[in-house]
Amino acid sequence: MEHTTEASRRNENAVMSRPDSKTSEITRARSFSALELPDDAIVVVDNALPEAWIDALPDPIVVEAGESLKRLASIEELAGQVLERRSTRPLTLVGVGGGSIGDAVGFLASILWRGVDLWHVPTTLLAMVDSAHGGKTAVNLGAAKNQLGTFYPADRVVLVEEALATLPLEHRRDGLAELVKGLWLGDADALELLEADGGVGELASAPFDDIRERMMELLERAIDVKLDIVDQDLYETKEIRTFLNFGHTVAHTLELHTGISHGQAVCWGMLSASFLSDFPRLRRHVYELLTPAQVISAFEDRERFCAGIKRDKKRIEGQLRSVLLDAPGEPYVTREVSADDWYEAFREAVEWFESTPALVERRVERAASLEISASKSEMNRALVIEHLRPGQTRIDGYSTADDVAWLRRCLAELKGAELKGAELKEAESQEADGPTTIFAGEGGTTFRFLSAVCAARPGETVVLAAPRLLERPHDALFDALRAAGATIEPVETDEGKGIRVRGWSTWPERFEISAELSSQYATALALLSTSGNGFELALSGDGSIASRPYFDMTLDLLRTAGVDVTEGDGSFQFAPTPTLDEPATLVAETDASSAAVWAFARLVGVEADVARSPQSGRQPDARAADIAAKLAKAHEEGVDSVDVDLAEAPDLAPVLTAVATQIDPQVNIVGAAHLRHKESDRIGDLAQALADVGIEIEPRDDGMTIPAGGQTPRARGLWPTYGDHRLAMAGLLMTAGGTPLLIENPMVVAKSYPTFWHDARRVGWVVGAL
Ligand SMILES: O=C(O)C1=C[C@@H](OP(=O)(O)O)[C@@H](O)[C@H](O)C1
């Protein structure tokens with residue numbers, strides 16, 4: 001099926017009135033097999049696309065997309081391949097793929113015989129809405145991006161719906177950022193359609209078939225905006241094409257310094273702009289596309305930020321030109337905004353994003369299969385092991401959780417390197433004698449593992465941490481490290497509070513630790529064995545280990561990393577193989593604690609499956625499915641009261657409690673006194689959160705009793721999260737019955753599950769900024 005848009009109709013007139021510019025014809029095709037190409041087409045396609053799509057194309061040239069394609073040498077090679085297939089006019093070059101394919105194929109089309117016909121078939125939403133239009137082609141010069149290029153608008157751009165239907169949601173969100181930008185720049189009337197039927201969040205999360213028509217219409221309207229702007233100023237000489245840079249001054253800086261995606265960066269740029277021009281409506285749109293990220297919240301380096309802004313490529317004679325809006329559809333270019341103004345606006349945007357309560361309401365019931373990143377517990381152990389056994393391990397797993405990001409960054413800093421985006425970049429050499437200062441963020445494992453790592457390294461390290469983390473108990477671990485020869489003292493610097501650690505001079509042969517309050521103390525010490533030094537770890541106190549399966553997880557990973565572990569009576573002996581012949585693979589499976597939210601949610605009618613659920617049974621929270629089954633059975637059989645012992649899986653308590661308030665049997669959570677020492681007091685604070693929305697439970701020393709019979713929260717009540725990611729997740733489940741709530745500081749979920757709110761939208765929730 002082909003569909004002709006406004007843009008192409010306008011084109012009929014455009015040819016006469018603007019002979020130097022050309023407006024591409026925009027058509028739609030349902031699928032790649034329905035794509036009708038001209039007889040003289042030579043197709044260049046990205047090899048990473050699904051085989052079925054490539055097979056549907058006539059004798060394509062299959063290339064590897066990306067920056068290497070955008071080298072002159074690659075263009076020359078590509079030209080040779082094209083000429084082998086067809087060496088005479090007419091010839092239509094067709095680029096099928098994302099931005100780099102469009103840039104390279106467009107460039108070649110513009111210079112081959114001084115210009116041949118060109119079609120773009122963009123396969124990402126980002127390319128469909130942005131790079132396929134406007135005629136800019138680009139090739140790199142060495143490492144410098146897009147230094148060579150031409151203006152060469154395509155004759156036709158085909159939007160293949162099938163490509164959108166299978167696009168990963170992360171990429172869909174990226175494209176939506178540019179789409180929202182387009183509508184705000186030039187189509188105020190479209191904003192109502194953008195907000196209809198679940199709004200931006202629904203466009204970002206629903207199965208494509210549910211949103212097909214709205215998405216395609218909005219896409220075409222955003223394309224129209226771009227074509228209109230380009231029509232007026234193809235060569236960017238009139239300060240009109242510059243409008244397209246809306247949100248991009250900040251975006252390019254953030255991409256460079258934090259490694260976040262272009263789409264996310266553009267969202268931050270527009271959000272920042274919304275504070276310079278005060279557009280709450282724009283804020284709400286962008287909110288639904290953003291994923292919280294530690295690299296953004298922690299980006300408080302004004303100097304680096306401003307230096308990036310000052311290098312903006314839209315400067316003229318060194319003057320920064322920024323795009324702002326007078327109203328939706330009314331952009332303007334200004335020289336009045338300084339780099340510092342942008343920094344202030346950016347920080348305001350971050351503050352607003354993190355602290356604005358989310359209005360959370362279950363809108364439709366929809367099944368979904370969710371992709372959850374790797375266990376932060378397994379990842380953090382693996383990262384420490386990799387740090388202590390450099391080059392001898394490989395991590396199989398990926399996590400975007402803040403806790404993991406903090407630890408990765410601290411370890412990189414300890415190695416004398418700094419994280420640049422997702423990649424490690426060599427830093428200037430560290431001061432040889434001054435202490436190294438690192439910031440451990442909010443994670444218990446991060447801080448405790450680092451304390452031990454620092455005690456085992458030479459010299460002094462200052463480990464700063466978030467205030468709530470410092471309030472949690474760490475003394476048992478510090479005492480054990482001190483007894484082994486390290487110095488640990490509290491410290492307060494200009495940058496915050498924490499500890500100063502001076503490492504021991506000789507390796508201890510023995511540690512004594514009381515792990516009654518937290519398994520993490522024992523884990524922190526045990527992990528040190530991967531440095532190649534063996535030792536004994538004796539348990540003091542009553543000899544028990546809180547959340548014991550987490551310690552078993554540690555032992556399992558240590559054995560994989562070549563440490564021989566023997567358990568005696570109340571003690572463990574660690575004997576590491578000095579070096580491994582073959583690198584060990586440390587597997588981090590899907591995070592069971594995140595998956596547990598959805599296992600419990602089934603009890604209140606939410607149908608979410610988790611893709612690749614953990615198989616090893618190493619993560620204690622994998623028990624959630626069994627507990628949920630036990631509760632479902634009790635409900636069916638009319639049992640009055642069920643005991644659930646969470647001694648070994650304390651992290652399940654908040655979400656389990658939220659669900660228990662909505663089902664029949666009375667639920668007694670027992671054996672979990674250590675709940676009080678988590679990110680929040682997960683007994684007292686949880687009971688208070690529930691009371692705040694009108695629900696009663698009985699807190700006890702070692703857990704709580706949730707009375708029988710469902711309770712309904714007060715509509716639009718404010719659910720506090722006490723800085724605890726798992727309380728925020730519990731808040732969502734409180735609304736499963738249909739009553740909306742306001743969740744305070746909702747972005748705390750980033751600690752373990754940054755895409756949590758996106759996933760909630762996928763199963764039918766609306767999550768919006770108040
Ligand atoms: O070692 C770990 O990865 C963890 C151990 C547990 O803590 P405690 O041992 O302090 O109970 C758990 O609650 C925490 O979320 C992660």
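Counting convention: from 1, in listed order, for ligands and their atoms alike. Just so it is clear, the values below take in all heavy atoms, side chains as well, and ignore hydrogens, waters and symmetry mates.
- A donor-acceptor contact under 3.5 angstrom links the side chains of Ser641 and Asn668, judged on distance only.
- Among protein heavy atoms, atom 3 (O) of ligand 1 sits closest to Ser377 OG, 2.6 Å.
- Contacts between His674 and ligand 1 below 4.0 angstrom, taking non-hydrogen atoms only, involve the side chain exclusively.
- Of the protein's heavy atoms, Ser519 OG, 2.4 Å lies nearest to atom 9 (O) of ligand 1.
- When heavy-atom distances to ligand 1 are checked against a 4.0 Å cut-off, Pro650 comes that close only through its side chain, counted from C-beta outward.
- For the residue pair His677/Ser518, the side-chain donor-acceptor check at 3.5 Å is not satisfied.
- Backbone and side-chain nitrogen or oxygen atoms of Tyr550 are examined, and none is located within less than 3.5 angstrom of a nitrogen or oxygen of ligand 1.
- Between Lys751 and Asp402 no salt bridge is recorded (no basic side-chain N to carboxylate O distance below 4.0 Å).
- Nearest approach of Val404 to Asn380, heavy atoms of both residues: CA-OD1, 3.5 Å.
- With Arg612 contributing its side chain and Glu371 its backbone, the two residues share no donor-acceptor pair below 3.5 Å.
- Close contacts between ligand 1 and Thr445 involve ligand atoms 1 (O), 2 (C), 3 (O) [criterion: under 4.0 Å to a heavy atom].
- Among Arg448, Arg381, Met553, the residue whose heavy atom lies closest to atom 1 (O) of ligand 1 is Arg381.
- For the residues Lys751, Arg548, His725, Lys678, the heavy atom positioned nearest atom 8 (P) of ligand 1 is part of Lys678.
- The minimum heavy-atom distance linking Ala658 with Gln662 is given by the pair O-NE2, 2.9 Å.
- Of the possible donor and acceptor atoms, none in the side chain of Asp702 sits under 3.5 Å from a partner among the backbone N and O of Ala673.
- With respect to atom 15 (O) of ligand 1, the closest heavy atom belonging to the protein is Asp651 OD2, 2.6 Å.
- Of the protein's non-hydrogen atoms, the one nearest atom 10 (O) of ligand 1 is Ser518 OG, 2.5 Å.
- Taking CG from Leu727 and CE from Met734, the interatomic distance works out to 11.0 Å, rounded to the nearest 0.5 Å.
- Residue Ser547 touches ligand 1 through its side chain alone, judged by heavy-atom distances below 4.0 Å.
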